[in-house]
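One structure below.
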Amino acid sequence: MTTNPNSSQKVFLKDYQTPHFEIKSTELIFDIWEDKVIVTQKSRYRLFELKPIYLNGSNLSLLSISQNNHLLSPNEFTLDTEKELLVLSPMEMEFELLIKTEIDPYKNKSLEGLYQSNKYLVTQCEAQGFRRITYFPDRPDIMTSFLVTIEADKTIFPVLLSNGDKVNKEEIGSNRHRVTWQDPWKKPCYLFALFAGDVGNIKDCFTTMNGKMVSLEIYCDHGKEPRCHHAMESLKKAMRWDEQVFLREYDLSQYLIVAIDDFNAGAMENKGLNIFNSRLIFADPKTATDMDFFNIESVVAHEYFHNWTGNRITLRDWFQLSLKEGLTVFRDQEFSADMTEKGVQRIKDVDTLKEKQFPEDAGPNAHPVRPESCYSVDNFFTSTIYEKGAEIIRMMRNLLGKNQFQIAMNNYFRKFDGQAITTDDFRKVILEDSGINSEIFQRWYETPGTPEIIVKENYNETTKNYTLSIEQKNNIFHIPIFIDFFDKTGNKLSILNKNIQINSDGEKFIDLKEALFFLQLNDLASKPVISFLRNFSSPIKVTWERNLDDLFILANHDDDTFNRRESLSTIYIQLFSRIYKKAKKDSLTNLIELVHADQDLLFQLKTFSELVFSCIKNQNLSAIVKSKLLLFPNPQIILQNVKALESDLFQKIECFLKKHIVESRFQEIKSYLLMVKNEISILESAPAYDFKMAAQRELLNSLFELLCFTDKNEDLLTLLSELKIEHNFNQEINYFKFRMRLLSDTKKISEMNSFLKKWEHEPLVIQKWMQVIADTNAESTFELVQKIYHSEGFNIQNPNQVYSLIRTFGQNIYVFYSKESHWDFYLEVIKRIDLFNPQVAARLVSAFQISNLLSKEVKTILSAKISLFVKDNKLSKNTYELLSKYEVLFD
Ligand SMILES: [Zn+2]
């Protein structure tokens, strides 16, 4: 018999009901002891209707409950432990509720509610962790003011933090002290936070646009303070940027951040007290990668931006999660673009979207940006809600242009400040109030799956007429498609037409809202080259057998950085697909013979190789642009175009293509790399991290990676040691990665061990080490992953370690899908983690996302395995909800 969740536990958007009460204020007292915490809650309720109220509570021991100083006896309320509810039937419209509970944060391994990390106590309440602290209506539309008092031992917990402003601090005897925090802003309980522990900190301050002084503090393990400065600088940049771009000023006198090691996600935007995964705070060039530096700046900014988009204006219910996440991701992407380079940032964001969100949208767990039902709201923290949600905001911006969008955003802040609202409210104020009918646009929120369009073009040499046709498949969406035109020599053509719209920034676009669209341009001297979907103006898939000559022109001349890179990628994918189809059709395995038998293909390959080399040599291109242009589509992206995962053939084609591109230029690329290395070495004398330096390193690494396909392992190992840069961790971890790739299996082990020995005292570095090993494309990878998993040093309760080793292994698709035993291992790990941390277990399920693209036989085996696993185990509703979708896999 199955004991998994049943459909009665499902929650639906359509069942949403406006609360019939409000909570005017809440006081919390946390009495912290060595083995327990006593939580006293005093809340003032005001009912609008005399009806029962439901308070959520999970894993709590109820000590007492009183209403207006009257202690309630058990027959005066209902405690439904199954549904985790406390039901009260009040007799008065206004009353005070006093609830005492006991909790044990020391045994809480779910990392939700109040829990222990190292020697600290810390909270995570989003989405529904507050119910693990006290009985409370745990829903985002109940906003109240919080007054929080924390009492604890002075030696073990010298630092006691909560939201808002510190209003009192006193000694209470027996080596204990008491601190009180008051948050002047009403907030839902998911934004509540508390921290207690013995930590160090760094301090700074920020003067807001209206001259208000804000004290900024970052708390961390003693000794790690120097690693927090990059995060602090990032915070100040974000605060200034939000004032300049969105006119948003910070609204408390303190802004606190705490870095901890055990955290299910990246960070949490609790009002005035952000809790961060330490990997997103600690940065030191000796232990952090360039990506870490970038991510820290971006995530610190993201959490800060939530103060307005999420905290001041919050969600009516969890189905509206994208209201705050989509918008805040959009804001952090814009911030990063301003801090680095716009086109390059766009490439980065779209790569993430295509690698994570597109497969999610094509897999069995596809869901709308505003979902309609779920078992667990924890499962909503997805790439669809975040990244696709951000794309929807970007499309609105594209339709309006920057200026009009800013005006609409100001209206949004003015109209909804202090409220809990829906994505519909947002869409209406941004589009409808700006005069744009958003009836069709709304489908972006309601419909899962990536919209697809089919494009065709034709130029008639006799009539000199050009036509472009666009057809929408399946559903009809409102899609802004930015376009521009070039001639064959790469000069821009100024073409105007009634079917080409222009937004307030002067950007040309096709405002696609129908199933079929035609654009006809007359009297053109020659066929124009259209730059289509510039800057990826909508998150769609385009089917278009494009003329390679046009793509070569765009790859050389397009002034839209995103499309220039896209043209290069499209050529690569087209060449890949052509070779794949030929190999399949003729059952050919010798790719050299296959390509040489096709003169046209051979010619295109040669042209492509020259194009790549001209990019490398092009002095007008910055390193940061080059580093992106030379990054070819990874297996995930190839898989979306060649819709069948055949690992062996894929790898063969990838090797063949990349080898072909670089082999004849090996020496030239080698000397170019040595030149880049010298430039970096000169730059290295400058101390702090800089994105331009990071770009040089990225270029160096991506070019070296290309060279790895030449199989000249001995030469490459020599070159690698010549390229070695000391005292820079980014290069050190890449050096390790390349050596793991180039060395024989026997030598890999000692390479691994010596790296481990050098860094075993640095947990964040060890996580990188696990990632490299789990990501290596080699037969020995599984064995090494298992070895680490079973080793003493591996802590399964730490999410960072699980993600680094286990999730990375699941994403290493060539290796992961090569053997059944890999899935057995992976499912066993999920099972083990699900017992104590369902959120982390559920996040691992995404490894199966691409299983729809496996061959029929493999699919049958995998789905049978998952089906049996789901039946045999009692899973949490988080994991059950996601994994059960793989019990049957369709084509
Ligand atoms: Zn967020």
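Whatever order the structure lists ligands and atoms in, that order sets their numbers, starting from 1.
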>> With a cut-off of 2.8 Å, does E303 put an N/O/S atom close enough to the Zn ion (ligand 1)?
In response: no
> Once the angle between the rings of Y412 and F426 is folded into 0 to 90°, is it parallel (under 30°), tilted (30 to 60°) or perpendicular (over 60°)?
Replying inline: perpendicular
>> Rounded to the nearest 10°, what angle sits at the Zn ion (ligand 1) between NE2 of H302 and NE2 of H306?
In response: 90°
>> Which atom name would you report as the N, O or S atom of E325 nearest the Zn ion (ligand 1)?
In response: OE1
> Should the pair R346-E391 be classified as a salt bridge under the 4.0 Å nitrogen-to-oxygen rule?
Replying inline: yes
> Do the ring centers of F477 and W444 come within less than 6.0 Å of each other?
Replying inline: yes
> Should the ring pair F562 and F536 be called parallel, tilted or perpendicular, given that the plane angle runs from 0 to 90° and is split at 30 and 60?
Replying inline: tilted
